[in-house]
Amino acid sequence: MALLEVRQLRVEFGATASPLQAVDGLDLSLEAGEVVGLVGESGSGKSVASLALMGLVDAPGRVSAERLAFDGRDLLTMRPAERRRLLGRDIAMIFQDPSTSLNPCFTIGEQIIETLAVHEGGSRRALRARALELLQQVEIPDAAQRLDAYPHQLSGGMSQRVMIAMAIACNPRLLIADEPTTALDVTVQAQVLQLLLRLQRERGMALLLITHDLAVVSEVAQRVVVMYAGQVMETGSVPAIFTAPQHPYTLALLEALPEHNRGGERLQSLPGVVPGQFDRPTGCLLAPRCRFAETRCSTKRPALLARGVGTVRCHFPLDAQGASRGRSTEAAT
Amino acid sequence: MLAFLLKRLAVVVPTFLGITLLVFSLIRMIPGDPVEALSGERGMEPERYARLMHEFGLDRPLPVQYFEFVGRTLKGDLGYSIVSHEPVLREFLDRFPATLELALCAILFAMLIGIPAGMLAAVKRNTPVDYGVMGVSLAGYSMPIFWWALLLILFFSVQLGWTPVSGRLDILYDPPKVTGLMLIDAWLSGEEGAFRSAASHLVLPTIALGTIPLATLARMTRSAMLEVLREDYIRAARAKGLSPFRVVVKHALRNALIPVVTVLGLQVGVLMGGAVLTETIFAWPGIGKWLIEAIHRRDYPVVQGGILLTATLVIVVNLVVDLLYGVINPRIRHPR
């Protein structure tokens, strides 16, 4: 049984008649101790999906799913108080911008202790000792002094370490990291990522790493889920996706990596933007931006189908050479 | 922090001088003078009038009078009341506890109801609760104090007979003056019913005076809360599995209080202005009523000294509020 099972997760905002579909039927599963990368460009619904998993989407946002279960327990039918007990204890989350995710009015020690106190309890002294230990585990120098520091006294990298310490405080089995390094300096990004991976391995946590950076995913994840406009476009193992992407969107993301553009004058990019509330295509969501698109792509929305070792949502998936087989199959039929 | 304090203090000096000029000239713009007011309806022979004017120093040129007033004030001498011949400072201190008691009760009333109401409105944004709180607070904010006070008296005192119409205490009781705060003195006196009487006398003036600050606080708390509730750290707090109550009361309120405290400081000025009306209507023997009477009698030293002391109080309270920021906001207390 998977640790996290998500089937047909939907998150909608706005009027029921013409809602903004931020997440449109997301399927996702995570095994214990697995690292999965959830990638996609800005606006593809990654963050909203993760908030929906946490139960942090507020009205007027609407969340529905065929199944949303953690460790076999149905999160959707659970009472709110029961679900809260899972949050921070079994499922923890790290956010994109550490400098705004820490409450400016409380010391970082207080904020770490609070998580421990709510879920596990114990004497103030014992909790403080554990908070100190956590700060040491996330490699914060002078941890004892930092305990009484306020968030504004810390750098971005330090703040994210504190957020990580807070997230791992109760030994969660699933850690959702939403762009954990995006807001940090490039030099600090690698350090924080290494730290996150070390803790993941040591503690055997499952890690859902949400990012738009495929390079990061290739280094750390075992599996990748590629999202676009609220839908899963492709899933697969890291080696498979990076060597032979089947979806044109995945290919475009890979081509946009600076590493793939050595010697080139400009980085390759995918023209256009993610469709919004009112320009959502009836066919494949990527069709207007896809250089392989055929007529069928703009009339009929493809389903997510198993193909090879992964799944792909495309009428004309790419072959190993990165070429669409669309034209040939179209001609044959 | 010290530089901040010095900067604030530097602003106080011109403010203070401005107030002296304003209060000195405004009272003299009202037709009549103290001697005329003293003489009553039948008037007074011109020679006697001139002699009295000379005695009070009111026949000298205005600039001379003004600089003498400022000079004496700077030495801490506020002069004597023309009517009672008592030192202005002593008269002020005699009446101040009554106003202080009323103002404290009013601000407490405003805080205890206004801040939770604003929080509730923010959390229940765009629901009937929110509309209700905001509607009532707008009505409260718009209600003139004298009108509101009269309505309260008509309904609760006259119609229902629940509260006394005016004064601080039933004449049956005469607690020894210890603190000057009637609630405490009545309680200390141990006389049966004295505390109850003092409390029932306080209810309506407190509501009348506290309503505008209450409405202001509720609206301010709501908007500050709405802003804070959108912050990332609120989402992060919820992700820790904290209860909604804890998230709102601990994580959100603490941050929302920063602008609310500013408004609270400004309300002291509103409160002193409102006290003049409230005290007059409820015959509350405090600073407000004393000043109104002094204006009627053109008691220049009392008006000047009384307003100056009140203004000083407002300035000091606002300074204290600025210092309070540091306590609430660690970004000021602990610079990088």
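A note on names: the letters A, B, ... follow the listed sequences, proteins ahead of strands, and every chain is numbered from 1. Everything numeric in this text was worked out from a predicted model, so none of it was measured.
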So with a 6.0 Å cut-off around CH2 of W284(B), is the heavy-atom count from everything else above 12? yes

Got a donor-acceptor contact below 3.5 angstrom from the E101(B) side chain to the L183(B) backbone? yes

Does a donor on one side chain sit under 3.5 Å from an acceptor on the other, for T100(A) and E231(B)? no

Of the listed residues (A252(B), S243(B), A237(B)), which shares the most heavy-atom pairs with chain A below a 4.5 Å separation? S243(B)

Can you list the residues of residues 128-137 of chain A that sit under 4.5 Å from chain B, counting heavy atoms only? none

Of all of P104(A), A92(A), G88(A), which one pairs up most often with chain B through heavy atoms under 4.5 Å apart? P104(A)

Does either side chain, that of D97(A) or that of S99(A), offer a donor lying less than 3.5 Å from an acceptor on the other one? yes

Need one label for I176(A): side chain, backbone, both or neither, based on atoms under 4.5 Å from any heavy atom in chain B. neither

Using only atom types and a distance under 3.5 Å, with no angle test, would you say the side chain of H251(B) pairs donor to acceptor with the backbone of R235(B)? no

Reference residue L30(A); test side-chain contact (heavy atoms from CB on, under 4.5 Å); the match among L53(A), L207(A), L174(A), V35(A): L174(A)

Which donor-acceptor pairs under 3.5 Å do side chains of residues 104-119 of chain B form with protein atoms, sequence neighbours excluded?
none

Less than 4.5 Å apart, any side-chain heavy atom of V228(B) and any of Y233(B)? yes

Residues K46(A), D178(A): salt bridge by 4.0 Å N-O rule: no

Around atom CZ of R254(B), are there more than 12 heavy atoms from other residues, nucleotides or ligands closer than 6.0 Å? yes

Which bit of L56(A) comes within less than 4.5 Å of chain B, counting heavy atoms only: side chain, backbone, both or neither? both

In terms of heavy-atom pairs under 4.5 Å with chain B, the winner among N103(A), T115(A), V118(A) is N103(A)

Members of residues 128-135 of chain B whose heavy atoms come closer than 4.5 Å to chain A: none

Min side-chain heavy-atom separation L86(A)-L75(A) under 4.5 Å: yes

Y141(B) atom OH: more than 12 heavy-atom contacts under 6.0 Å: no

Between Q111(A) and chain B, with a heavy-atom cut-off of 4.5 Å, which part of the residue counts as in contact: side chain, backbone, both or neither? both

Taking E120(A) first and then R89(A), would you say they form a salt bridge - that is, a charged N and a carboxylate O separated by under 4.0 Å? no

Does any part of the side chain of L120(B), heavy atoms only, come nearer than 4.5 Å to the side chain of V123(B), both counted from C-beta? no

If the contact rule is any heavy atom under 4.5 Å from chain B, which residues of residues 158-166 of chain A qualify, in numerical order? M163(A), M166(A)

Hey, are T107(A) and D148(A) close enough side-chain-wise for a donor-acceptor pair under 3.5 Å? no

Pair count under 4.5 Å, heavy atoms only, with chain B: among Q96(A), E114(A), R83(A), highest is E114(A)

With the threshold set at 4.0 Å, does a side-chain nitrogen-carboxylate oxygen contact exist between E5(A) and R73(A)? no

